[in-house]
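Below is one structure; the comments refer to it alone.
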Amino acid sequence: MPVLWDVKSGKRLGVLSSKDKGHLAEVVSLAFSGDGKYVATGDLQGTIVLWNMKDRTPVRRFKAHAGKVGSLVFIPGRAEFVSSGDDGAVRLWMVARSLVTNLKEAGPGVTAMTVSSNGSVLYAASDDGAVRGWNVSLRSVRGTIRFEDRQ
């Protein structure tokens, strides 16, 4: 169960838990929406739970990936977030409903994700040494940079 803490005071604020709509496995990833309304949590079994931060209740539960949800990131200025999993997929979700699109199908594992400050480009680094960039509005690959092993 994810525990929320106040950074300044160090006090425990509460726990995100639900027997009906929460996690059944260990939570390993987490992201807050820019407006502070939501938090998304991902677990070892590929499930994402979207939580309402006002009352700390689950809004929606998604079976997102085959295996661990490796990372989550909200898109600034949009009611959307992105997940990556051990299956190598990168998926775009809407807060108000389920899956919008698969940005990247299963393949090399994603090791890190970030989004530009204006929310227009999503970047994901993969095990294969590539960094892919997606135009978020168009849901299309903008470009790929490949890094070679220089040992």
Side-chain angles (χ1 to χ4, degrees), residues 1-137 139 141-142:
M1 292 184 290
V3 179
L4 302 173
W5 300 89
D6 182 284
V7 175
K8 289 183 181 178
S9 69
K11 291 182 181 178
R12 182 176 157 159
L13 297 174
V15 176
L16 298 176
S17 68
S18 169
K19 292 182 181 182
D20 300 357
K21 298 179 184 175
H23 290 281
L24 302 176
E26 184 178 348
V27 173
V28 293
S29 55
L30 177 143
F32 284 92
S33 63
D35 60 10
K37 291 181 182 178
Y38 301 100
V39 65
T41 54
D43 69 26
L44 287 173
Q45 293 179 347
T47 300
I48 296 171
V49 178
L50 183 66
W51 303 87
N52 177 326
M53 287 306 298
K54 185 175 182 179
D55 59 8
R56 297 185 185 121
T57 59
V59 174
R60 197 161 283 102
R61 191 172 191 258
F62 309 98
K63 179 56 181 162
H65 295 277
K68 176 178 80 173
V69 177
S71 53
L72 295 160
V73 63
F74 277 86
I75 306 297
R78 303 174 78 112
E80 298 175 331
F81 65 95
V82 180
S83 66
S84 68
D86 274 359
D87 54 8
V90 176
R91 299 197 166 111
L92 179 67
W93 307 86
M94 286 191 90
V95 168
R97 59 185 172 96
S98 59
L99 181 67
V100 175
T101 190
N102 286 311
L103 296 174
K104 177 180 170 290
E105 295 295 334
V110 173
T111 56
M113 288 193 313
T114 193
V115 64
S116 62
S117 60
N118 66 2
S120 65
V121 183
L122 169 76
Y123 299 96
S126 300
D127 286 338
D128 63 355
V131 176
R132 290 172 182 82
W134 287 269
N135 179 312
V136 175
S137 294
R139 276 67 161 138
V141 174
R142 183 176 171 174

Verdict with supporting geometry, V82 and V90, side-chain contact (heavy atoms from CB on, under 4.5 Å): CA-CA 7 Å; V82 180; V90 176; 3.5 Å; yes

Donor-acceptor pair, side chain of K63 and main chain of H65, under 3.5 angstrom: yes

Residues forming a side-chain contact (heavy atoms from CB on, under 4.5 Å) with S33, sequence neighbours excluded: D35, K37, Y38, F74

Side-chain donor-acceptor pair present, S29, S71, cut-off under 3.5 Å: no

Separation of I48 CD1 from L30 CG (nearest 0.5 Å): 11.5 Å

For S83 against V69, the heavy-atom pair lying closest together: CB-CG1, 4.5 Å

Distance (rounded to the nearest 0.5 Å) between L92 CG and L122 CG: 8.5 Å

Atom pair CZ (R12) and CH2 (W5), whose distance is rounded to the nearest 0.5 Å: 6.0 Å

Euclidean distance, F81 CZ relative to I75 CD1, rounded to 0.5 Å: 10.5 Å

Minimal non-hydrogen separation, A96 against R60, with atom names: O-NH2, 3.5 Å

Side-chain touch L50/V95, heavy atoms, less than 4.5 angstrom: yes

Heavy-atom closest pair, residues V110 and A124: CG1-CB, 4.1 Å

Closest approach of V73 to M113 (non-hydrogen atoms, all atoms of both residues): CG1-CE, 3.9 Å

Between OG on residue S84 and CG on residue L103, distance to nearest 0.5 Å: 11.0 Å

N52 backbone acceptor or donor facing T57 side chain under 3.5 Å: no

Sequence neighbours excluded - salt bridge (Lys or Arg N to Asp or Glu O under 4.0 Å) pairs with any residue from residues 69-91: R78-E80, E80-R139, D87-R91

Side chain proximity check, V136 to S120, heavy atoms < 4.5 angstrom: no

Partner residues of T41 under the side chain to side chain donor-acceptor pair (under 3.5 Å) criterion, sequence neighbours left out: H23, W51

Residue pair G133 / Y123: nearest heavy atoms and the distance that separates them: CA-CD2, 4.0 Å

Shortest non-hydrogen contact between V49 and P58, atoms and distance: CG1-CB, 4.0 Å

